[in-house]
Structures are given as C-alpha cells and as structure tokens.
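So the structure is just underneath, and the comments pick up after that.
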Amino acid sequence: MSFLDIIILIVKALVLALAATTLFAYFTLFERILLARFQHRVGPNRAGYIPLPGGRKLLGGFLQPVADAVKLFFKEDVTPALADKWVYLISPAFATIPALIIWATIPLGCWPVGGDGALPVGGCAPVGGSNFLQLAEISVGILYLLAVTSIGVYGIAIAGWSSNNKYSMLGGVRASAQVISYELALGLAVLGVVMQAESFSTAEIVNRQWGWWFIIPQFLGFIIFLLASTAEVVRAPFDLVEAEQELVGGYNTEFGSMKFALFFMSEYIKLVAMNAIAVTLFLGGWHFPGLYTLAQFVSANAGQWAGNAVFGLLSLGAFLLKVTLLSFLSVWIRATVPRVRYDQLMHLGWKVLLPMALFNVALTAVLNVLIPDNRVLSGVIALVVGALVIVGVAAVNGPRKPPASQVTLVKKSAEVVQ
Amino acid sequence: MEFVVFTITALIAVVGAAAMLLSKNAVHSALFMLLNFSAIAVLYLLLRAPFLFAVQLIVYAGAIIVLFLFVVMLLGAERAEDEQDRLGWQRPLALGMAALLLFEVLYVFFARTNTSLTSPSVSAEDFATPVKIGEALFSTYLLPFEITSVILLAALVGVVVLHHRQAAHSEQ
C-alpha cells in the first residue's frame, strides 16, 4: 500500500463520516416534516427558503437543521456535581463512534476502479481492482457490522450510570437489557442471509443478489430483522430507554449542549445505518433493474471510464433511494405504533422473534440442501412458508380485545359516580 | 508497521488489565476490561484471524461485559464493600500462582521462540477463516464443543432451579 493509497483512504473515511453526520441533520428534518404530515400539522417551514415570483416559497425549512445545530452549540454545558466525571465525558463519544464506523463495510454502490476496469457482470468484483464506493472490504464484514452494533449500547448504558441520576440509570439499565435480548434475534436473522449467500462478506452478499433480492427467499428474516433492528437502535415503538412519561428524559436527562447533540446524532445515524444494512442484506444493495444495460450503453458510446462512472453514481443513487424508502417506513412506524410496555418488549424478543428466527435458519438450511439448483422454486417456497408463519404468529400473539369482564367502560364508571 | 501496531495494542491490553484490577469502582473495572478485550481483538487481527476478531468483539465486548455492567448497575454494587474481606487469605495464594504462570509464559517464550509462531502450518493465509474454524469445531473438536454446550445448558438449568426454589420459599 503506497503513501497515496493511504491518503485516499483517509479522505474517503473523512468524507464518509461527514456524509453520515450531514445525513443525520437532514434525517431529523425529514422526520419532523413527515411526522407533522402524519399528525396533520405543518412542521418546520420557516428557517430558510427559496423565494419564487408571486410570493411563493420553495423548500421552506431546509435550514432548520443548521438552526438546531447553532442552538445546541450555544447552550450552556453543565456537568452534574456528583457525576462520575471521566465516564460522563467519554460516554457521548462511546455512543457516536460505533454509529460512524459501522458505515465502513457497507457497499454504497459499485464503481470499479483499477484492474481491468471492465463493467461488473453478475456482481461487483473487478479483477485486480477495487470498488471505489466501499471503504473497506473485509472477509467477515457481516460480523463486523454485528460487533459494532452490539458495542453501540455502551454509550447509553454508561451515560445513564455516570449521570448519578435515578431516571438516567433506569434508562441505561433498560438499554442494556433490551439490546442484549434483541441481539440474538438480529444475529439469527442475519445468519439466514449468510447461509443463503454462503459468505460473510458484504460485497459478496450483494453480488449474490444480482436479479434475485434476498427479500424473497428470506422474507421471514427480513421482517425479523426490521423489528429487531428497530429495537436494537432503541427507536419507537421500542424506545423505553427514553420514555419521557416515566423517566423524565431517559439516559440523556443530564446531558446538555453538544453532548446531548452527540447522543441525538448517534441515535439517528444508527437508525439510518440499520436501514442501510437491511438494504444490503435483503433489498439487493445497489442493484437496480436496467442499471447495467444503461451503463453498457454509455460505456459503448462514451468510453469505459464514463460507463463506470455512470454505473457508480446510479448504483449509489439506487442504494440511497432504497435507504430513504426504509427510513420513510421507520418514520411511519414511529407515527403509528404506540410505545410497547416493558413485559411486551421482552415477550416479543424472547418468545416470538427468537423462535421465529430459529425457524427461519432451519427453513433456509433445509431448502438450500433439498433444492440447491433451483433458486426460484426454493425462494418461492420460503416466501410462502415465511408469510404463513408471520400470519400465524400474528394471529396467536397479536393484539386482541380483552374479555368484557376486564373492561371498564367510561359510561359505566360515570354512572357509578352519580 | 505491524510491530508498531502490536506494541501499542499490547501496551493498551496490559494497562487495561492492570487498571481493571486496581480500580476501586466496579463499573470502571468493567470498562477497563472492555479496553483489554478490544485490544486483544486487535491482536487477533494482527494474527490474520479476522473471524476471531469479530467473535471476540461480539461475544466478550458486546454481550458479556454488557451483562456485567447490567448486573452491577442494577444492584448498585459499584462501590467496594466496607466490611472485612473474608477471602483475604486467597490473595497471597493468587499472587504465587500468577507468578508461576508468568514464569511458565516466559519459559515457553524464550525456549520455543524460534519454532511455534512462525511454522508454515500456522502462518498459512487461510488458517483462521470461518470455514476452517467451523470444520475444526465440528470434526476434530466435536466432543469438547458438545461438552461445552452441555455445561452451559447445565448452568442455565441450575439458574432456573435455584430461582424456582426461591419462588416456592417466598410463597410459603
């Protein structure tokens, strides 16, 4: 590895980290506007706009994240007198670093550089070259993602403990219990994909999805992954860690100014990163129908470099489009589903998701051994069985009306008062 | 390059372990242990065993120390207890045994420094891939692997039984 390569690597890492933080800023705006729409409000629409003739305003509110950041910067930074100083100071960094380094092994697109420079066929594996849009390709990429996700809980746990505040600490304790519980289901859901792709490498998993996204053979795994990853990043409806009604503010009660901003940031970056991992594992990563034909056309007319560049940028766009769609789903879930109770959380994690994930692993193993050559047939069987399992489990465990004897009607109690 | 990384990582590991033993606060101990485990994970990476690196992080850093922290935080047991240490007699014994172990390590290091680590079978490029480790676990070391799982199962059953007995007591 030459000196120049190291410089390029450092610049790429910096750009990726900056992109992730910018993504966070605009994700908050995206979420606030969408939540407002879901709740029939207007949402942030004042800070910054492009004036149009006739007094109309375009993109109202697109500077809102900047205004938020400035406000957080200038808040007073207080450290509680009885806090454990060092642990209190490092906990925001503990939360933020995993959220940023998780992006390193995700293939964001396919822009082959070096080597023979040919357009990729059947996956992005340039001979002798590398993929410009993936920071690090390591043979155990998936395990790296799981490891970094599981380390992410430390920030929350030690922030809650070091604040020396009962409510913060309850938030920290809840976080560690919750993340450990859902890590199992998450890992087993990922294991299904690993078995399907026969590889731990993220690039290889995306390559294997050429024309056949893993959401079809791993439909059950996809649903489990969505639920477990939402719980793993302690996002609504599993956000008991910061249940305002019970815990004042949760683990971050005692943090202000930029320290709070770092927690806020890590939470959102982790959420988007989880969506990016879901896209990588189940929704074909950067694959998109027609992309290859278009790049081939450009390559034939404007030269190979242009073809590669077009393919790289469009595949990046396809990846970001899919991540945006999943992020929309996250906001939708937050706007729709109320927070679960703690016993419901543990019940879902241990008694519903974990057995389902084990079943998915067994199903994948049996299908891949019985029908190794026909991926369409085995995929359709897995899809049908998975959908049936989800419907069955939802019917058995889903919400139902309590018996009439346990319900106190408002009318009845009003009569009693009279 | 590799030597520099090794030296830094090894120093961090040793400092982390020492600080873990010396710190009075249990939460600080757990965090220093996390530092030590992470440094050891990097050492696995230097030995070209990325699978062990990931597993070390997932199992030890991601699960076991989180459980430690959870229990310590839940019980509020982070401060050292004031009452007399009843296991005080174990301390000199532990020191003696540690010295013995250190002697053994140094002996092995100096007596066999030219052979084990650099032998060709160990330094093969793919000796620690997930496939190789899986094959080893399920063929050569199948019996120890299964026995370990039975021991863990016994521990689980034991916890359930103990808890059950306690619950029955409190009902009476």
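Side-chain atoms are counted along with the backbone in the values below, which use heavy atoms only and exclude waters and symmetry mates. So that the names make sense, note that chain A is the first sequence line, chain B the second, and so on, each numbered from 1. Small disclaimer: the values here were computed from a predicted structure and weren't measured.
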Of the backbone (N, CA, C, O) and the side chain (C-beta and beyond), which part of [X] lies under 4.5 Å from a heavy atom of chain B, both, or neither?
X        : answer
A:Val173 : both
A:Ile138 : neither
A:Ile158 : side chain

*asked:* Between A:Tyr144 and B:Pro50 (side chain of the first, backbone of the second, donor and acceptor by atom type, cut-off under 3.5 Å), is there such a pair?
replied: no
Should we count OH of A:Tyr342 as having more than 12 external heavy atoms under 6.0 Å?
yes
From the list A:Ser139, A:Ser150, A:Gly187, the residue making the most non-hydrogen contacts under 4.5 Å with chain B is A:Ser150
Applying side-chain contact (heavy atoms from CB on, under 4.5 Å), run through B:Val55 and A:Val140 and close with a yes or a no.
CA-CA 10 Å; B:Val55 168; A:Val140 290; over 6 Å; no
Out of curiosity, [X] [atom1] to [Y] [atom2], how far, rounded to the nearest 0.5 Å?
X        : Y       : atom1 : atom2 : value
A:Ser176 : B:Leu67 : OG    : CG    : 8.5 Å
A:Ile151 : B:Leu34 : CD1   : CG    : 6.5 Å
A:Ser91  : B:Leu31 : OG    : CG    : 10.0 Å
A:Ser162 : B:His28 : OG    : NE2   : 8.5 Å
A:Trp161 : B:Leu69 : CH2   : CG    : 9.0 Å

When the 4.5 angstrom heavy-atom criterion is applied to B:Ile65 and chain A, the contacting part is both
I'd like a table of donor-acceptor pairs (distance under 3.5 Å, sequence neighbours excluded) in which one partner is a side-chain atom from residues 134-153 of chain B, with atom names and distances.
from: B:Ser139; atom 1: OG; to: B:Glu135; atom 2: O; distance (Å): 2.5
from: B:Thr148; atom 1: OG1; to: B:Pro144; atom 2: O; distance (Å): 2.6
from: B:Ser149; atom 1: OG; to: B:Glu146; atom 2: O; distance (Å): 2.6

For B:Ala63 and A:Ile180, the nearest pair of non-hydrogen atoms, with its separation, is O-CD1, 3.8 Å
Do the ring planes of B:Phe51 and A:Phe200 sit parallel (below 30°), tilted (30 to 60°) or perpendicular (above 60°)? tilted
**Message:** Show, in sequence, the C-alpha distance, side-chain angles and deciding distance for A:Val179 and B:Val66, and conclude whether the side-chain contact (heavy atoms from CB on, under 4.5 Å) test is met.
**Reply:** CA-CA 9 Å; A:Val179 170; B:Val66 176; over 6 Å; no
